[in-house]
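Before any comments, here is the structure.
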Amino acid sequence: MSNAETPAPAPAGPPPVETLTIKVDGRTVQVPKTMPDWQGKPQATTMLQACALAGVDVPHYCYHPKLPIAGNCRMCLVEFGTPVMDPATRQPVKNEDGSVKIARSVLPYEPGTPRGAIGCATPISPGMEIYPNSPATKQMREAVLESLLINHPLDCPICDQAGECKLQEYSVQHGQATSQFVEAKVHKPKAVDLGPRIMLDDERCILCTRCIRFAKDIAGDDALGIVNRGSYNTIAAAPGMKFDNNYTLNTVDLCPVGALTSKDFRFKMRVWFLKETKSVCTSCATGCNITVGSREDTVHRYEPRENDAVNGPWMCDAGRLNYKWIHREDRLKHVLIRGQKSNWATALKELTAKLATVAAGSAAVIASARQTTEELYLLRQLAAKLGALTDSVPRTQQADRLLVSADRNPNSNGARVTGIATGELGARLPLIAAGIRAGTITTLIVFGEDVTQCGIGADLLARLELLVVSDILPNPTVAAAHYVLPGCAHVEKRGTFLNGKGRLQKFLKGVEAPGDTRPEWEFLHELVHAVTGRNGYTSMEGLFNQMAQDVPAFAGLEWAKLGDQGVTVSI
Amino acid sequence: MAIVVDRKPLNFAERTYLPALLGGLKVTAKHFANTVFKGGNAAKLTGEGYYPEVPWRVEDGYRGAPYLVKDQDGATKCVSCQLCEFVCPPKAIRITPPGPNGQPADRSGAEKMPEEFEINMLRCIFCGLCQEVCPEEAIFLQQDYSLTGLTRDEMIYDKEKLLSLGGVAGGIQKWKHKLEEAREQEVFPVKSST
Ligand code: SF4
Ligand code: SF4
Ligand code: SF4
Ligand code: SF4
Ligand code: FES
């Protein structure tokens, strides 16, 4: 019953922020007085941030929203003005037409010359006017770029950064095409081995110190610094130190130029050929958001994709380089029935017939917590129909203070919420082993694990009447299988992972699956439909939405609602 | 105003096409006889020569087949920047970059050289964009206009073939120059290049 007298509740939302009114490029804008700094603490809003809020990009090199401010590259210089104050009344002086009089900043000793300030470190003040496109600002940018290029080698044809290089981009957007400099360029060391994964070209470095700040303040490995003086300034690792922590490759992303490059990606592919696919790292339960760079079905690199709810802009080196297995020569590419090449139609038909006759309780399902949530959900349905015991296999490692999780499975929580595992992963594995030994379990379905590594040896596998294995690479369990169903790497299919903190994140398909392999969810939904008679889902969206209705943790979710950055669910 | 030109109706002989056919055969027979019995081909007979016995000489600037060239020291000029591969409208070029563990470049200074470089001459439209985009002056459209082969594979020219057909095109050798400049700076005091 509606009651007209009841006052409407105050709209929920963040508390009102204190704002300042300034002008950017002649437009009046309201911007918050403070904004989060690199550590998330409120700090006075800078001119660069205010311009960004007004939709105007200020070029910058050393500034990075997730690093301490250094203010050394001068690329972000902008001309600005402040209201003229009457010294007697402390009130702004008015022009004749009643508007506030603005004084453009000028050099104190040469009042006719405009004086810029670095946008990245100059806080805004009430009534301030910023001129990010004024002729003076443009001249300052041209001058900064010209001096940055004085000693720059212009290696672009052989530089891995070309195509995503801020020096190239700003030179085109804000630079001038000619240089007044006629001396020989200063030469510095090239192809320097800075660490096991990083190659440094000192000539290309613009000395922004992003890498130094990252190493010191983010990675906590203060290994980098600048040596020598003046135009001989050179980035180097401290004597006797190697730049070899587990986060070094983030400096390759941070470096605005091609000074720091990845040894793994070196000379592999030009970046403009790479197709970018939004995905998630599978190497631990953190689930760092990544962009997969591939060309013609070959994955060339992973890069972190910013998600402040998960990984910020970073990822660890181990996760970043963990993609080579995708293109291994020995990938399982064929459906095998007792070692003989077969096809999907035959295998699924035979399996349907066999699974339909399995006695209740005589089957078990071991599904890897590296399978997608959808696949685990389908396997759980199959297991429920067969009355089967289910479990996953735990994988652990040493966690670190930044991103790496102690759980090496990307989807342990997915295994838990779908009911494949409860509590500790692997708790029911000994039961399954005992069941096989005792002959009560005669059918075993394994997805993505080598069970011989976890207490179910080849001798036990040999006792089974039916062993169905889906995997990507060969292993002893695959060798013992009666049915081998070749599956896909995550970049070859779509799906979701539920990370260690309950963030449900989707990943998309970047490359085609090789040979006869099929995404597991695709053939599983056929099999589950055939065995259980439940609705077949022909699309990932349909399957996900069905799962969201069945799994309480996902109530109300839809594939489309996951967005690019995922959704936190309560687990 | 449209002018209507009445077509003369063909007479019976013309309608059989035989006179035209025989007229053509006569020319063929004449050339056949000349070549076989008088020991002379068309080129000799005409002095100037006819294609294909005497290949047609094209003017400079003609856009024939694109080939890779070497510098005056015999080194591969291409640095595998893949701009030509990107710009090529029919995607005729396919470059395999050296990768992290590839073979080092055969000229010092530029650290990179293509591991493989293929042009599919069946796809190439001789547009010249590769030559225009190349920052190293490493690929030029040359005078070859008659490319033949018996299979499609044969028409994909690989790096070795492209380099051997391309010959030498000297230039400023900027990588070599950079290296020399760097070496000079290792000696103190540093000489100014001006
Ligand atoms: S850092 Fe940028 S400008 Fe310098 S050589 Fe590399 S791509 Fe070119
Ligand atoms: S190596 Fe790159 S990130 Fe480090 S100071 Fe030089 S330009 Fe900046
Ligand atoms: S001439 Fe044109 S079509 Fe031929 S390889 Fe060069 S860019 Fe491609
Ligand atoms: S031929 Fe020229 S444009 Fe093509 S890859 Fe080689 S250097 Fe680059
Ligand atoms: S971004 Fe470098 S000084 Fe502001």
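Keep in mind it's a predicted model, so treat the numbers as computed, not measured. Order of the sequence lines sets the chain letters (A, B, ...), proteins ahead of strands, with each chain counted from 1.
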Got more than 12 heavy atoms from elsewhere within 6.0 Å of NZ, A/Lys190? yes
Taking side chain as everything from C-beta outward and backbone as N, CA, C, O, which of these in B/Pro98 sits under 4.5 Å from a heavy atom of chain A? Side chain, backbone, both or neither. both
Atom NE2 of residue position A/His327 - does it have more than 12 heavy atoms of other residues, nucleotides or ligands inside 6.0 Å? yes
Heavy atoms of other groups near B/Glu132 CD, more than 12 under 6.0 Å: no
Interface moiety of A/Asp264 toward chain B, non-hydrogen atoms closer than 4.5 Å: backbone
Sort A/Phe265 into side chain, backbone, both or neither according to what part of it lies under 4.5 angstrom from a heavy atom of chain B. neither
Donor-acceptor contact present, side-chain A/Arg270 to main-chain B/Leu83, <3.5 Å: no
If you measure from the Lys or Arg side-chain nitrogens to the Asp or Glu carboxylate oxygens, is any gap between A/Lys185 and B/Glu184 under 4.0 Å? no
Examine whether an atom of B/Glu85 lies under 4.5 Å from a heavy atom of chain A, and if so say whether it belongs to the side chain, the backbone or both; otherwise answer neither. both
One should read off an interatomic distance between B/Glu136 CD and A/Ile158 CD1, to the nearest 0.5 angstrom, of 8.0 Å
Testing the basics here: between B/Cys81 and A/Pro157, what is the closest heavy-atom pair and its distance to 0.1 Å? CB-O, 3.2 Å
Measure the CG-NZ distance between A/Asp155 and B/Lys174 for me, rounded to the nearest 0.5 Å. 8.5 Å
Would you say A/Lys324 has more than 12 foreign heavy atoms packed within less than 6.0 Å of its NZ? yes
Greater than 12 external heavy atoms within 6.0 Å of A/Phe181's CZ: yes
A/Arg266/B/Glu111 under side chain to side chain contact (heavy atoms under 4.5 Å, CB included): CA gap, chis, key distance, verdict: CA-CA 11 Å; A/Arg266 186 173 168 82; B/Glu111 299 151 63; 2.7 Å; yes
Pick from A/Lys268, A/Lys263, A/His300 with the largest number of heavy-atom pairs that fall under 4.5 Å of chain B: A/Lys268
Going from NZ on A/Lys188 to CD on B/Gln185, what distance comes out if it is rounded to the nearest 0.5 angstrom? 11.0 Å
Should the heavy atoms of other residues, nucleotides or ligands under 6.0 Å from CG of B/Leu150 be counted, would the total exceed 12? no
Does the pair A/Glu203/B/Lys178 count as a salt bridge with the N-to-O cut at 4.0 Å? no
Of all heavy-atom pairs between B/Gln82 and A/Met269, which one has the smallest distance, and what is that distance? NE2-SD, 3.7 Å
Does B/Glu160 have more than 12 heavy atoms from other residues, nucleotides or ligands lying within 6.0 Å of its CD? no
Can B/Asn101 and A/Phe267 be said to form a side chain to side chain contact (heavy atoms under 4.5 Å, CB included), step by step? CA-CA 9 Å; B/Asn101 309 314; A/Phe267 298 162; over 6 Å; no
For B/Gln143, does the CD atom have more than 12 heavy-atom neighbours from other residues, nucleotides or ligands under 6.0 Å away? yes
